[in-house]
Number of protein chains: 4
Amino acid sequence: MRRATKMRETSEARRSELIVATLKSLRKHGYINSTINTISEESGLSRGLISHYFANKDDLLIVAHKYYLQNVDDFFRHVVWSTKSGHFGKLFYSVSVPFLRDTGFEQMLVHYFSAAWMLPEVLRMHRDLWGRYRTNIQHRISAAARERGLVMDTRLAAITLTQLVDGLWLGWVMEESYTQEDCRMILRKWLCEQFHEDPEMYPLTPDIDLTHFETAAPLPHIDD
Amino acid sequence: MRRATKMRETSEARRSELIVATLKSLRKHGYINSTINTISEESGLSRGLISHYFANKDDLLIVAHKYYLQNVDDFFRHVVWSTKSGHFGKLFYSVSVPFLRDTGFEQMLVHYFSAAWMLPEVLRMHRDLWGRYRTNIQHRISAAARERGLVMDTRLAAITLTQLVDGLWLGWVMEESYTQEDCRMILRKWLCEQFHEDPEMYPLTPDIDLTHFETAAPLPHIDD
Amino acid sequence: MRRATKMRETSEARRSELIVATLKSLRKHGYINSTINTISEESGLSRGLISHYFANKDDLLIVAHKYYLQNVDDFFRHVVWSTKSGHFGKLFYSVSVPFLRDTGFEQMLVHYFSAAWMLPEVLRMHRDLWGRYRTNIQHRISAAARERGLVMDTRLAAITLTQLVDGLWLGWVMEESYTQEDCRMILRKWLCEQFHEDPEMYPLTPDIDLTHFETAAPLPHIDD
Amino acid sequence: MRRATKMRETSEARRSELIVATLKSLRKHGYINSTINTISEESGLSRGLISHYFANKDDLLIVAHKYYLQNVDDFFRHVVWSTKSGHFGKLFYSVSVPFLRDTGFEQMLVHYFSAAWMLPEVLRMHRDLWGRYRTNIQHRISAAARERGLVMDTRLAAITLTQLVDGLWLGWVMEESYTQEDCRMILRKWLCEQFHEDPEMYPLTPDIDLTHFETAAPLPHIDD
DNA sequence: GATGAATGAGGGTTCATTCAT
DNA sequence: AATGAATGAACCCTCATTCAT
């Protein structure tokens, strides 16, 4: 039994190694240029092993995407939970999440947007996560509005906010013509206008540890 | 000479056919699954002919993207020029452009966002056009603000507006959980808030012909 | 009738242009890299025209080879006929022929040696011309030997001489490590040894015009 | 380790199979008509495997040529080392080498002469080996001349001898109008004349085993 | 007679996948 | 569990040839 457990751990470790290698390869070579070869080279494991752990390449890509989204989600939770502030502050920091770190894997998401139309599972995952995020944001908007006795179309407000985040993120990745700080400033401005808050009260960077957080899907450190 | 002219016209027609077929193929099969085969099938022409008109597949993809962006740009000009209204109205309708028609090719752009990282020319074109758009929008924002004696950070405002557009567009394409009208309403709301205008004064749909406009890059009608 | 004649001349001129362009292309791009395209570019005529004058590419290559061999043969005759000397002198200069000019097309022959095994007609032509040369040389050897009252195996002598020529030519083309003058010196030495002649009596270069001679297959001047 | 060694041996065996199949294909179809298809058919292995063992087709062709030249070189060494005779005898048999066996691959060399102008590495190998051969021959000529107190231009003599060999070989391959024995007789005659030796003293065929010799590059037996 | 648009077979190469070891 | 040799389909591209103009 000890051995079986050990084996399972090893197996899981192997799976993770392959998943992380996949993300690295996607990041380095792009989507179409990521092959079984580049992935196995990145992992230091053999090509054949991939078939051992994953049904096929698509499966691996899907699982890798799930892994990446898991990390994003865990970071989101971490930021929201760690932040000591009221509804409004939590709302602000929760939408700032994409602009509070630079993992080096941001660009990769664009490839998955494209791949989503070839891999239905990826599209499903995307819509699921994005939908949950928007619902979550909409609830926070409702709470902050109720707190202030404000009336607003929370559905449209949530769409506005989440898509402003998405648009800022997309432009930041694609154009590299403005900074993450610009993004946070823009988001704070919009939120403060909506909720009649004073921007000065909310520092652009939350006072929490942004580098360490609990996640079952750690991303490798990239230094190039 | 008549003949030469005729021949050249024919040639141009063939080029266009191949370009449009490429866009159709990209739309239907996505980037990675669009091959010389799918394109030639879509066009009804032979595989070899593609090499006759384009240096290689990448060249064709780049030219096709240029063609598509040309159409988008021409539609943008059409909307802005046709609209009879002041600075503010023109600003509103110019950012509403992506939500004033549904060509069926919107999803294709996502594939090009991904392809941009493999084809530097595509990235260059993207950044060039997006940059020019944002500059254009920033000028309009300045003009509208000046008109009203308002002071604002036009750079951040332009980023906010263009990226709100991009984000709304991205979510609309990827999630299909809200409408183009939602998008226009959101944009109108943000603009009216910034410029203290009354939304009721600006109908969501401009009173112009949205289906016919001059362009050297017409898109085919899609019905599936 | 005048017109018909004119037309025919024009046709023949076109054929020649294409043939010469073929030789130029073979020289410049080598055998495998010479395509209908490179040939038509070299000739300044259209691709389609080649099919008008030649059955197919192989036909053109064969005719071009015939053309080249014709030129070589005509130069051979020119040298032999122009030289004012006895049997021995004529023999010497006739075998020196390959080393009395540098047309720039020598290397091309190597490609035809290879092509001969794919194009039976080329092999036939090669064997025919080489056979006639050797017979011719053998006759001259016989005559020179008879003149001097020498007895020798003229068959083996002819093989020796013609193949020494071929070998010198091949090495000169392939290795570029010795000169045409070396070749003529070697041939003179061998001949003088066989016929007890004094090399000093026979200058390495015959006193004739080596650049102008009658031929139906003129080669273009190469200057690169 | 046993397995690794076994695997490596297997790999090397596959490489050799592909190389030999390449030589066979070149022999049968010539240079231009030898394709990945003909080679894989000749080997009985799949097309894809070639890319597994060789960088590309050119690489395979170059390696195959190297292999063939290795065999030729090893046979040369074998003949020279096995022959029990003085400087002169060794010289005679060393130049007779091309006419002491018929592997069935002679014609193939003509294709490589042509290919050399497309594949610089092949030209380099050719010039290297031919250069070394001539130097070797020149040394033997010097030694034999010194032995007899003869004075001669050893450079020209070496060129004469090696190119007589090449020319005889070329004519033998291309024309098939004389025999290998003719060639050996011609070479013996020339050598004996130069060194005042009696041909009768040197049998045309050396008294050694011509079919078995050590080589890392064995050629297959051809029977068609 | 002359053109070059159009074809499609076949070229080399890549790559996900299988499978014997 | 792990390897990498082996496969073959599909990729992009080249090219000789055909044919409408």
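We name chains A, B, ... by the order of the sequence lines, and we start the count at 1 in each one.
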Assuming nearest nucleotide by heavy-atom distance, tell me which of Gly48(C) and Gly44(D) is located more 5' along DNA chain F. Gly44(D)
Ala55(C) vs Ile50(A), nearer the 5' end of DNA chain F by closest nucleotide: Ile50(A)
Distance test, side-chain N/O of [X] to OP1/OP2 of [N], below 4.0 Å:
{"X": "His52(C)", "N": "dG1(E)", "value": "yes"}
{"X": "Asn37(A)", "N": "dA16(E)", "value": "no"}
{"X": "Tyr53(A)", "N": "dA1(F)", "value": "no"}

Whole angstrom is fine here: how far is it from [atom1] in [X] over to [atom2] in [N]?
{"X": "Leu18(C)", "N": "dG1(E)", "atom1": "CG", "atom2": "P", "result": "13 Å"}
{"X": "Leu60(D)", "N": "dG11(E)", "atom1": "CG", "atom2": "P", "result": "15 Å"}
{"X": "Asp59(A)", "N": "dA16(E)", "atom1": "CG", "atom2": "P", "result": "14 Å"}
{"X": "Asp58(C)", "N": "dC15(F)", "atom1": "CG", "atom2": "P", "result": "15 Å"}
{"X": "Lys57(C)", "N": "dT14(F)", "atom1": "NZ", "atom2": "C1'", "result": "11 Å"}
{"X": "Arg15(D)", "N": "dA5(F)", "atom1": "CZ", "atom2": "C1'", "result": "14 Å"}
{"X": "Glu17(A)", "N": "dA2(F)", "atom1": "CD", "atom2": "P", "result": "9 Å"}
{"X": "Leu45(B)", "N": "dG8(E)", "atom1": "CG", "atom2": "P", "result": "11 Å"}

DNA chain E: Ile36(D) or Asn56(A), which has the more 5' nearest nucleotide? Ile36(D)
Starting from the 5' end of DNA chain E, give me the residue, Thr35(A) or Arg47(C), whose nearest nucleotide shows up first. Arg47(C)
Is there a donor-acceptor pair closer than 3.5 Å between any side-chain N or O of [X] and the backbone N or O of [Y]?
{"X": "Asn71(B)", "Y": "Ala217(B)", "answer": "yes"}
{"X": "Arg27(C)", "Y": "Met108(C)", "answer": "no"}
{"X": "Arg47(C)", "Y": "Ile36(C)", "answer": "no"}
{"X": "Tyr112(A)", "Y": "Leu61(A)", "answer": "yes"}
{"X": "Tyr67(B)", "Y": "Pro218(B)", "answer": "yes"}
{"X": "Ser25(D)", "Y": "Ala21(D)", "answer": "no"}

Could you please name the option among dC12(F), dA2(E), dA2(F) that lies closest to any side-chain atom of Arg14(C)? dA2(E)
By nearest atom, which of the nucleotides dA6(E), dG4(E), dA5(E) is closest to the Ser46(B) side chain? dA6(E)
Side chains of His29(A) and Ser34(A): is there a donor and an acceptor less than 3.5 Å apart? no
Determine which bases of DNA chain E form Watson-Crick or G-U wobble pairs with both distances under 3.5 Å, and write the result as a 5' to 3' dot-bracket string with | for other-strand partners. .||||||||||||||||||||
